[in-house]
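To keep things clear, I will list the structure first and then write my remarks on it.
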Amino acid sequence: MAKEKKGIRLEHISKIYQDPKTGKDFYAVKDANLDIRPGSFVTLLGPSGCGKTTTLRMIAGFESPDEGEIYLGNEAINALTPNKRDTAMVFQSYALLPHYNVFDNVAYGLKLRKLPKAEIRDRVLKILDMVEMSGMEGRMTNQLSGGQQQRVALARALVLEPSVLLFDEPLSNLDAKLRVTMRTEIRRIQQEVGITAIYVTHDQSEAMSLSDQIIIMNKGVVTQIGTPQEIYYHPVDEFVADFIGEANFLKGTLKSRSGAGGVMEIEGHALPLADVGNQKAGQPCTLVLRPESAVLEDQGLLPCKVILSCFMGSYQNYHVMLGNTLVKITEFNPKHKKIYNVADQVNLNFNIEDAHIL
């Protein structure tokens, strides 16, 4: 019988620490409410000190919340020690046992559970095959590359068949190319097993490529939850827009609105918009424009001046001044397009449905 998939639910979770310098209490995590669906891959994303690792450690049982309750499936788990929770952690440092070979590292947790030798061997070899480490079970861990060590750490967690797999920045010790390879492997294995995964990173490209949902945290608070597309195209504030990808922020005033749309004034120019959200006429507002959403043309929406024009192979990189506002533009596949030069007076153009207003 297949094991029932379980999700994780956090209800009003807070963690309070004391600042060693001032002696004052502060919230490392404040009133976090999360509902992570069974079988989904969710990433906690944010800058250093935002509370993402503390949240993960509370789910794992290495930290205890000061407020709120954590549920695994329908079971409240606050009072359970880490080894009693149906979770397994893959650490940043791999945390492998140096005096054990690959087989014994992966088998370690199963031996603690006193499973029969034949079952242990069968499960270890099966999981090593899944992480593409077959034939290496006799190797010592110091004979492995960083990527291979990470695969062993992943196998050791998976072999326990936990309901939830937790990742604490597992790829940060690898070089850039290997990181890309390993994140693809982690996603492949997670989907193959169908396990619920919670992954901590400060790398937004990692979060975008892995996740069904991204949870953005800032200063201990959950700022936004959504799919990678929702977070990228519809950020709730400037922090999220700036943290996930690159963004231009065009400040102005909403002059009028009609239905969902309206007219915004930016640097003295009227700009029609398809969707102005909840903004009211007369209010100051900010337009979020992604660099790849805009192009330069002879005719267009907003006049500007080129201050940088740089050929980057797959794209032309422009910086333009729109009045007193710097706007960055990434124009892909520039081979057969008109290239503008520094000091050219041009026009900024974009699909008004690609602009997001805050």
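Quantities reported herein were computed from a predicted structural model and do not represent experimental measurements.
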- Message: Looking at D168 and R57, is there a salt bridge between them, counting it only when a charged N and a carboxylate O are closer than 4.0 Å?
- Response: no
- Under 4.5 Å side-chain linkage, directly or through intermediates, the cluster mates of I307: M321, L326
- Query: I214, V200: one ILVMFWY side-chain cluster at the under-4.5 Å cut-off?
  - Reply: no
- Item | Sole residue of T181, V180, I186 in side-chain contact (heavy atoms from CB on, under 4.5 Å) with R183 | V180
- Task: Would you check if Q148 and S145 make a side-chain contact, meaning some heavy-atom pair closer than 4.5 Å?
- Result: yes
- Between N349 and E297, do the side chains contain an N or O donor and an N or O acceptor separated by less than 3.5 Å? yes
- Message: Could you check whether R290 makes a cation-pi contact with Y232, meaning its NZ or CZ is under 6.0 Å from the centre of the six-membered ring and within 45° of the ring axis?
- Response: yes
- Item | Heavy atoms of other groups near K111 NZ, more than 12 under 6.0 Å | yes
- CZ of F62 to OG1 of T81, rounded to nearest 0.5 Å, is 10.0 Å
- Query: Any chance the side chains of Y340 and Q345 put a donor and an acceptor closer than 3.5 Å?
  - Reply: no
- Query: Is it true that K251 and E265 have a side-chain N and a carboxylate O under 4.0 angstrom from each other?
  - Reply: no
- Message: Taking atom CZ as the centre, does F249 end up with more than 12 heavy-atom neighbours from other residues, nucleotides or ligands that are less than 6.0 angstrom away?
- Response: yes
- Query: Is there a side-chain contact between L271 and V263 (heavy atoms, below 4.5 Å)?
  - Reply: no
- Query: Can V346 be reached from L322 by stepping across I, L, V, M, F, W or Y side chains whose heavy atoms are under 4.5 Å apart?
  - Reply: yes
- Query: Only one of L273, V276, L254 clears side-chain contact (heavy atoms from CB on, under 4.5 Å) with C285; which?
  - Reply: L254
- Distance from L301 atom CG to C304 atom SG, nearest 0.5 Å? 10.5 Å
- Quick one: CZ on R9 to CD1 on I77, what's the gap to the nearest 0.5 Å? 11.0 Å
- Item | Heavy-atom side-chain proximity of K24 to F26 below 4.5 angstrom | no
- Query: Same cluster or not: are L56 and V29 linked, directly or through other Ile, Leu, Val, Met, Phe, Trp or Tyr residues, by side-chain heavy atoms under 4.5 angstrom apart?
  - Reply: yes
- Message: Tell me whether the rings of F167 and Y199 are parallel (<30°), tilted (30 to 60°) or perpendicular (>60°).
- Response: tilted
- Pairs flagged by side chain to side chain donor-acceptor pair (under 3.5 Å) wherever residues 39-53 is involved - sequence neighbours left out: T43-S211
- Query: Which value, rounded to the nearest 0.5 Å, describes the distance between R156 atom CZ and L128 atom CG?
  - Reply: 12.5 Å
- Message: Could you check whether atom CZ of R188 has more than 12 heavy atoms from other residues, nucleotides or ligands sitting under 6.0 Å from it?
- Response: yes
- Can you find a side-chain donor-acceptor pair between D203 and T201 that sits under 3.5 Å? no
- Query: Does N341 CG have over 12 foreign heavy atoms under 6.0 Å away?
  - Reply: yes
- Item | Residue N324 excluded, over 12 heavy atoms near CG under 6.0 Å | no
- Hey, what do you get for CG (L45) to CE (M217), rounding to the nearest 0.5 Å? 11.0 Å
- Query: Between R179 and E206, is there a side-chain N and carboxylate O pair less than 4.0 Å apart?
  - Reply: yes
- Task: Assess the side chains of D31 and S14: does a donor N or O sit below 3.5 Å from an acceptor N or O?
- Result: no
- Query: Would R187 and Q190 count as a side chain to side chain donor-acceptor pair (under 3.5 Å) if you check the C-alpha gap in whole Å, the side-chain angles of each, and the deciding distance to 0.1 Å?
  - Reply: CA-CA 5 Å; R187 182 58 161 155; Q190 181 266 336; 2.7 Å; yes
- With no hydrogens and no angle check, do the side chains of T253 and Q283 hold a donor and an acceptor under 3.5 Å apart? no
- Message: If we check side-chain contact (heavy atoms from CB on, under 4.5 Å) with V320, which of these qualifies: L302, L308, I329?
- Response: I329
- Which heavy-atom pair separates E67 from I16 by the least distance, and what is that distance? OE2-CD1, 4.1 Å
